[in-house]
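The analysis underlying the following values was restricted to heavy atoms, covering all of them including side chains, and did not include hydrogens, waters or symmetry mates. Quick caveat, the model's predicted, so the values are computed rather than measured. One-based numbering, in listed order, for ligands and for the atoms of each.
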Amino acid sequence: MPGPALGFTQQPESGAPRRGVAVEVSGLTRQFGAAAALCAVDLAVAPGEFVALLGPSGSGKTTLLRILAGLDFPDSGVVRIGGRDVASVPARQRGVGFVFQHYALFRHMNVFDNVAFGLRMLPRARRPSQAAIRERVRRLLALVQIPELERRYPGQISGGQQQRVALARALAIEPPLLLLDEPFGALDAQVRKGLRRWLRALHDQLGITSLFVTHDQDEAMEMADRIAVMRDGRVAQFDTPAAVLARPADPFVAGFLGDANRLECAVAGGMARFALPGLSPLPAPGVPDGPGLAFARPVEVLASPAGSNGRVVTVRPDARGLRVVVAVGPAELEAVAASDWPAPQRGAACGVQVVSAQVFAA
Ligand SMILES: Nc1ncnc2c1ncn2[C@@H]1O[C@H](COP(=O)(O)OP(=O)(O)OP(=O)(O)O)[C@@H](O)[C@H]1O
């Protein structure tokens, strides 16, 4: 959990307006040679929201973040931060804090000087006094829970501690907008888990707006108020974690989230009939007659000893039960073993049914 009182001059209090700003992007396009990194992207983030940008490699997440930070510039389109068009506002004057995975700490400066850096770089009129800088840096180091490390150098602290220093450095200028590009990418799973809960709590405590790039679906689901799922320089869907899972906008989102199985089917009269043998038809309300594509997450595909349309290929214990890969006809599906089937064996015949799925016209 976040630590003690903040160094921020305007603290959000219950009932008080948040200090986070709205971020609006419209028609944003960025081309690198023949590669279109962003194609007419629209996105509107509310003040105080925590938004995850999630998508496959090369989908444009980092490019969008760099443009918001003022580190790169669009070929066309508008970026508004706090209602202000920032096209001609340099990075340093945008009031944006950023933490990039590869934006390393200054190795030759100790932790204290790293965090103080942004404050010492402020124009003289806005720069706090030496004493005020000292006080703010100490409060920030307490906030990120490493007050004892201020004299250490980056090479003398762990990766997780370095990320906390990078965050403290980003927060030092009291940014209403925090941009994070895979900040925990290099850390091991256990440290990541701790840091992501802590960061979300910190975001809420400060009342800022945050945009967070990640490859990790669990991370996005756990941390974000809304997720922008990106593909090929476009936002495929922008909605709450529950909504993108329950109502994916298109086959790409359905297949990308939750590692869903992709099943060919034929839709007629609101029912989807699968091409694979032995799978019962499922309702597909509103889907037009014709070829279809169904997406079923592993928990929606059940393998049991009753039946013989499948064969167990692999068995993997999972915290919530047994995960199996089953062969059905020419396909292999990720499934879960029925709770009354405690010990499926590799090679055993089994019954496989798709319990529910998202169906789209192909
Ligand atoms: N400086 C650059 N020069 C040339 N091409 C670039 C540059 N930056 C990005 N691109 C291209 O733009 C596209 C989007 O890249 P971007 O880094 O924004 O994607 P990403 O979703 O952040 O990917 P990753 O998850 O791998 O970091 C890619 O095709 C990439 O190769």
E182 side chain to T214 main-chain N or O, any donor-acceptor pair under 3.5 Å? no
CZ/R200: more than 12 non-hydrogen atoms of other groups inside 6.0 Å: yes
The protein heavy atom nearest to atom 19 (O) of ligand 1 is G60 N, 3.2 Å
Side chains of T209 and E49 only: does a donor on one sit below 3.5 Å from an acceptor on the other? no
Measuring to protein heavy atoms, does anything land under 4.0 Å from atom 2 (C) of ligand 1? yes
For atom 21 (O) of ligand 1, grab the closest protein heavy atom and report residue, atom and distance to one decimal in Å. K61 NZ, 2.8 Å
Measure the acute angle between the ring planes of F212 and F50, then classify it against the limits of 30° and 60° as parallel, tilted or perpendicular. tilted
Does CZ belonging to R127 count more than 12 external heavy atoms closer than 6.0 Å? yes
Got the closest protein heavy atom to atom 18 (O) of ligand 1, with its distance? T63 OG1, 2.5 Å
Atom CZ of R346: over 12 foreign heavy atoms under 6.0 Å: no
If you measure from atom 20 (P) of ligand 1 to every heavy atom of G58, A35, G233, which option wins on shortest distance? G58
Residue S59 vicinity, atoms of ligand 1 by number, heavy atom under 4.0 Å: 19 (O), 20 (P), 21 (O)
Regarding D75 and T29, do their side chains bring together a donor and an acceptor under 3.5 Å, going by distance alone? no
Geometric N/O contact E182 with ligand 1, under 3.5 angstrom: no
Residue, atom and distance of the protein heavy atom nearest atom 9 (C) of ligand 1 read F32 CE1, 3.4 Å
Go through ligand 1 atom by atom and flag the ones less than 4.0 Å from a non-hydrogen atom of H215. 25 (O)
Protein heavy-atom partner closest to atom 17 (O) of ligand 1 - residue, atom, separation in Å: T62 CB, 3.7 Å
Would you verify that at least one protein heavy atom lies under 4.0 Å from atom 26 (O) of ligand 1, or report that none does? yes
Under 4.0 Å from a heavy atom of P56: which atoms of ligand 1 are those, numbered in the order shown and with their elements? 21 (O)
Might you confirm whether atom CD of Q156 has over 12 heavy atoms from other residues, nucleotides or ligands at distances under 6.0 Å? yes
Close-contact set for ligand 1 against A37 heavy atoms, below 4.0 Å: 12 (O), 13 (C), 14 (C)
In terms of heavy-atom contacts, does CZ of R126 have more than 12 from other residues, nucleotides or ligands at under 6.0 Å? no
